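Report on one structure; see the data block that follows.
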Amino acid sequence: ESEAMNDIERLTGQIANSHSEQYFNGVGFRSFSFSYKFQPTSHDETNVVRDIIRQFRRNALPEGGEGGLTTFYPSTFEIEFITPHITGIHTTQSKAGLRNKTARPDGTYRNPYMPRLKQLVCTGCNVTYGSGGGAFSSFKDGSPVEIDMELSFTETSKVYMGDVDE
């Protein structure tokens with residue numbers, strides 16, 4: 001702002017209307033975070049947790065190409081919220097409602113109260129070891145008794161109005 005404008009505002013006790021408006025600039029990509037707490041009780045469970053973490057860390061990263069000049073896209077993920085039963089859920093006879101009542105091969109159903117997610121990439125895998133009570137503690141073999149993992153995902157395509165009804 002100019003000095004003259006500041007002087008006028010001080011003298012009159014009024015400021016110029018900034019005409020602030022919100023403009024629609026399009027739809028962004030949706031992001032989701034999931035937190036997990038692992039508390040293995042045996043050496044075998046600790047190894048399973050280690051393998052789970054390794055797979056997410058590995059698949060969140062791009063693969064290097066020949067000579068390091070290029071990279072390949074990281075892995076993509078399909079995440080679906082499921083429930084073992086849908087007793088008491090009343091859906092309409094819309095396309096979405098009929099799908100809600102279709103059992104998956106393992107007898108589970110898509111949870112109609114949770115959003116449908118498009119294809120995603122893992123954009124973060126943060127792990128905290130021995131987070132319980134703030135002090136690190138481990139089993140005799142050195143493996144942590146508690147591990148927290150937070151995963152961040154971003155969809156690879158944008159969501160539009162018609163996607164809500166699917």
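All values reported here derive from a predicted model rather than from experimental measurement.
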Verdict with reasoning, Q119 to E78, per side chain to side chain contact (heavy atoms under 4.5 Å, CB included):
CA-CA 5 Å; Q119 186 179 60; E78 300 286 334; 3.6 Å; yes
What pair of heavy atoms forms the shortest contact from F136 to P144, and how long is it?
CE1-CB, 3.8 Å
Reported CG-to-CD distance for the pair D7 and E3, which is rounded to 0.5 angstrom:
6.0 Å
Trace of the side chain to side chain contact (heavy atoms under 4.5 Å, CB included) decision for M149 with I53
CA-CA 8 Å; M149 178 175 70; I53 293 169; 3.8 Å; yes
From SG (C125) to CD (Q55), nearest 0.5 Å
11.0 Å
A quick test of your reading: do over 12 heavy atoms of other residues, nucleotides or ligands sit less than 6.0 Å from OH of Y160?
yes
Any side-chain to backbone donor/acceptor pair from E155 onto K118? Under 3.5 Å, distance only.
yes
Point-to-point distance, once rounded to the nearest 0.5 Å, from OG of S152 to CZ of F34
9.5 Å
With hydrophobic residues grouped by side-chain heavy-atom distances under 4.5 Å, do V159 and L117 end up in a single group?
no
Does any donor atom in the side chain of D141 or S143 lie under 3.5 Å from an acceptor atom in the other side chain?
yes
Distance, nearest 0.5 Å, that separates CZ of R57 from CG of N126:
8.5 Å
Given the rule that I, L, V, M, F, W and Y join up when any side-chain heavy atoms are under 4.5 Å apart, are I52 and F153 in one cluster?
yes
Could you see if Y129 belongs to whatever hydrophobic cluster contains V49? Use Ile, Leu, Val, Met, Phe, Trp, Tyr and a side-chain cutoff under 4.5 Å.
yes
Y36 with V127, same ILVMFWY side-chain cluster at under 4.5 Å:
yes
For residues K158 and F29, determine if any side-chain heavy atom of one lies less than 4.5 Å from a side-chain heavy atom of the other.
yes
Quick check: closest heavy atoms across P40 and F139, and the distance to 0.1 Å?
O-CZ, 3.1 Å
Measure the spacing between OG1 of T71 and CD of E63 and express it to the nearest 0.5 Å.
9.5 Å
Counting N and O atoms only, with roles assigned by atom type, does the side chain of K37 sit under 3.5 Å from a partner on the main chain of E146, one being a donor and the other an acceptor?
no
Of all the heavy-atom pairs spanning V145 and S137, show the shortest one and how long it is.
CG2-OG, 3.0 Å
Just wondering, more than 12 heavy atoms not from E45 lying within 6.0 Å of its CD?
yes
Considering only heavy atoms from C-beta outward, does the side chain of S31 approach that of T154 to under 4.5 Å?
yes
Minimum heavy-atom separation for P84 and T108, please, with both atom names.
CA-CG2, 4.2 Å
Taking all atoms of both residues into account, what is the closest heavy-atom pair of T156 and L120, and its distance?
CG2-C, 4.2 Å
Do F56 and V48 belong together in a cluster built from hydrophobic side chains that touch within less than 4.5 Å?
yes
Side-chain donor-acceptor pair present, D148, T128, cut-off under 3.5 Å
no
Distance, nearest 0.5 Å, that separates CZ of F38 from CD1 of I147:
7.5 Å
